[in-house]
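All heavy atoms count here, side chains included; hydrogens, waters and symmetry mates do not. In the text below, chain A, chain B and the rest are named by the order of the sequence lines, each starting its count at 1.
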Number of protein chains: 2
Amino acid sequence: MSGIKEKTVAYIGHPEWSSENCPIRDVLNHVSGKWSSLLLTALDDGPMRFAELRRFVPDISQRMLTKTLRDLQRDGYITRTVFPTQPPRVEYALTEEGRSFLIPLQGLIDWAGENHWKIRAARASFDTES
Amino acid sequence: MSGIKEKTVAYIGHPEWSSENCPIRDVLNHVSGKWSSLLLTALDDGPMRFAELRRFVPDISQRMLTKTLRDLQRDGYITRTVFPTQPPRVEYALTEEGRSFLIPLQGLIDWAGENHWKIRAARASFDTES
DNA sequence: CGGGATCCTCTGTGATACTG
DNA sequence: CAGTATCACAGAGGATCCCG
């Protein structure tokens, strides 16, 4: 009995929190985004530039990289620093908030690494039975 | 230094894991779903019936409830048991896998509960500055 | 280098009505 | 009660071209 339900109920019950306003959903929607968690983990070792991030996540489009970074900045997970050189230099770095978020996120990533084979197996079994 | 980047790189680097096959993305896509994590936490106290879950999450549509439950079952997070009574009775329950998933999930939910005000504040500040 | 602007596709989600 | 079927839509994400 972990008590997870009670904590969740406290939010769901409140009509005020329903859907949009629910803080849980609010946070989860960022983990959810196809690239958010990836970019946050990329910045764990220190600031990175736009092109560096693009190389780190080879299959992201420029559009999505820009958009995801702006969203993360908007929510205070990262900072964006422009150095007025020629050519321009822009660095992205984790905030304290972003860094603290990596802790619970890592728990999830570890779980995924250890259990994804079970998921695949379950899925395969489910699909053949149907 | 949490080492989260190295663990992630191990997956991203591998061409084999890119996007679809990446186990991290695979798991995160389920936490992401608008209702998945909510339903999993709901089942933490024990099995529940379809209508019970619907009452627990008032703003979910029948369609999404059905679909999300089937997806969770497919991936082995929950079981679906049909009692051939009249009227029919169907119970959903966590598997061991589903139960173990709640542990890292709770870490994220706790973080959300503690930090969502910072996110809101950062967002508001970002929007007014622009 | 670090994006912005535009157009397009596809998936997730919702509303509604119907069924064993 | 516990769903299925159909239609509709918004937004996520991608492709491409352009710019200071």
Side-chain angles (χ1 to χ4, degrees), chain A residues 12 18-22 25-39 42-43 47-75 78-93 126 130, chain B residues 12 18-22 25-39 42-43 47-75 78-93 126 130:
Chain A
I12 301 178
S18 291
S19 63
E20 305 309 320
N21 287 326
C22 174
R25 299 225 52 78
D26 207 3
V27 169
L28 261 44
N29 279 343
H30 283 288
V31 192
S32 107
K34 192 168 179 179
W35 310 109
S36 306
S37 56
L38 224 47
L39 294 178
L43 294 173
M48 282 205 207
R49 302 180 58 177
F50 192 86
E52 283 184 288
L53 288 167
R54 191 138 63 135
R55 279 190 297 272
F56 183 78
V57 188
D59 52 341
I60 194 174
S61 65
Q62 295 145 332
R63 177 172 137 72
M64 275 302 109
L65 181 53
T66 302
K67 183 182 185 305
T68 307
L69 287 172
R70 200 181 330 106
D71 287 350
L72 290 174
Q73 181 196 1
R74 185 169 107 104
D75 284 12
I78 65 176
T79 59
R80 177 178 184 272
T81 311
V82 182
F83 298 90
T85 59
Q86 195 53 255
R89 172 192 181 88
V90 179
E91 275 192 359
Y92 295 91
F126 183 90
S130 300
Chain B
I12 300 178
S18 291
S19 64
E20 305 308 320
N21 287 327
C22 173
R25 299 224 54 78
D26 206 4
V27 169
L28 261 44
N29 279 344
H30 284 287
V31 192
S32 109
K34 192 169 181 178
W35 310 108
S36 306
S37 57
L38 223 48
L39 294 178
L43 293 174
M48 282 205 207
R49 302 180 60 177
F50 191 86
E52 284 183 288
L53 287 167
R54 187 135 67 135
R55 278 190 297 273
F56 183 79
V57 187
D59 53 341
I60 195 174
S61 65
Q62 296 141 334
R63 176 171 141 70
M64 276 301 108
L65 181 53
T66 302
K67 182 182 186 305
T68 307
L69 288 172
R70 200 183 327 108
D71 288 350
L72 290 174
Q73 181 197 1
R74 184 169 107 104
D75 284 13
I78 65 175
T79 58
R80 177 178 184 273
T81 311
V82 181
F83 299 89
T85 59
Q86 196 51 254
R89 172 193 180 88
V90 179
E91 274 192 359
Y92 296 91
F126 183 90
S130 301

> Between atom CG in A:L39 and atom P in D:dG13, what is the gap in whole Å?
Replying inline: 11 Å

>> Using a heavy-atom cut-off of 4.0 Å across all strands, would you classify B:F83 as base, sugar-phosphate, or nothing?
In response: nothing

> Just by distance, do the side chain of A:D26 and the backbone of A:C22 share a donor-acceptor pair under 3.5 Å?
Replying inline: no

>> Of the listed nucleotides (C:dG2, C:dG3, D:dA2), which one gets closest to any side-chain atom of A:A51?
In response: C:dG2

> Nearest-Å distance, CD (A:Q73) to P (C:dG2)?
Replying inline: 15 Å

> With sequence neighbours excluded, what pairs up with A:R89 under the side chain to side chain donor-acceptor pair (under 3.5 Å) test?
Replying inline: A:E91

>> Under a 3.5 Å distance rule, please check whether B:R25 uses its side chain to pair with a backbone N or O of A:K34 as donor and acceptor.
In response: yes

> Rounded to the nearest Å, what distance is computed from the CG atom of residue B:L69 to the P atom of nucleotide D:dT4?
Replying inline: 11 Å

> To the nearest 0.5 Å, how far apart are CG in A:L72 and OG1 in A:T79?
Replying inline: 11.5 Å

>> So, does B:R80 get its side chain near the phosphate of D:dG3, meaning an N or O under 4.0 Å from OP1 or OP2?
In response: yes

> Do B:W35 and B:D59 have side chains that get closer than 4.5 Å, going by heavy atoms?
Replying inline: yes

>> Strictly below 4.0 Å: does B:R70 bring a side-chain N or O up to OP1 or OP2 of D:dA2?
In response: no

>> Nearest whole Å is fine: how far is D:dA12 C1' from A:L65 CG?
In response: 15 Å

> What's the closest nucleotide to the B:T66 side chain, out of D:dG3, D:dC1, C:dG2?
Replying inline: D:dG3

>> Quick one: does any side-chain atom of A:E52 pair with a main-chain N or O of A:R49 as donor and acceptor, under 3.5 Å?
In response: yes

> Rounded to the nearest Å, what distance is computed from the CE atom of residue A:M48 to the P atom of nucleotide C:dG3?
Replying inline: 15 Å

>> For a quick test of reading the model, state the closest non-hydrogen atom pair linking B:L53 to B:A42 and the distance between them.
In response: CD2-CB, 4.0 Å

> Rounded to the nearest Å, what distance is computed from the CZ atom of residue A:R54 to the C1' atom of nucleotide D:dA15?
Replying inline: 13 Å

>> How would you summarise protein contacts on nucleotides 9-20 of chain C per nucleotide, using B for base, S for sugar-phosphate only and - for none, with heavy-atom distances below 4.0 Å?
In response: ----BBBBB--B

> Within this structure, what is the CG-to-C1' distance between A:L53 and C:dC1, rounded to whole angstrom?
Replying inline: 13 Å

> Rounded to the Å, how far apart are B:E52 CD and D:dC1 C1'?
Replying inline: 12 Å

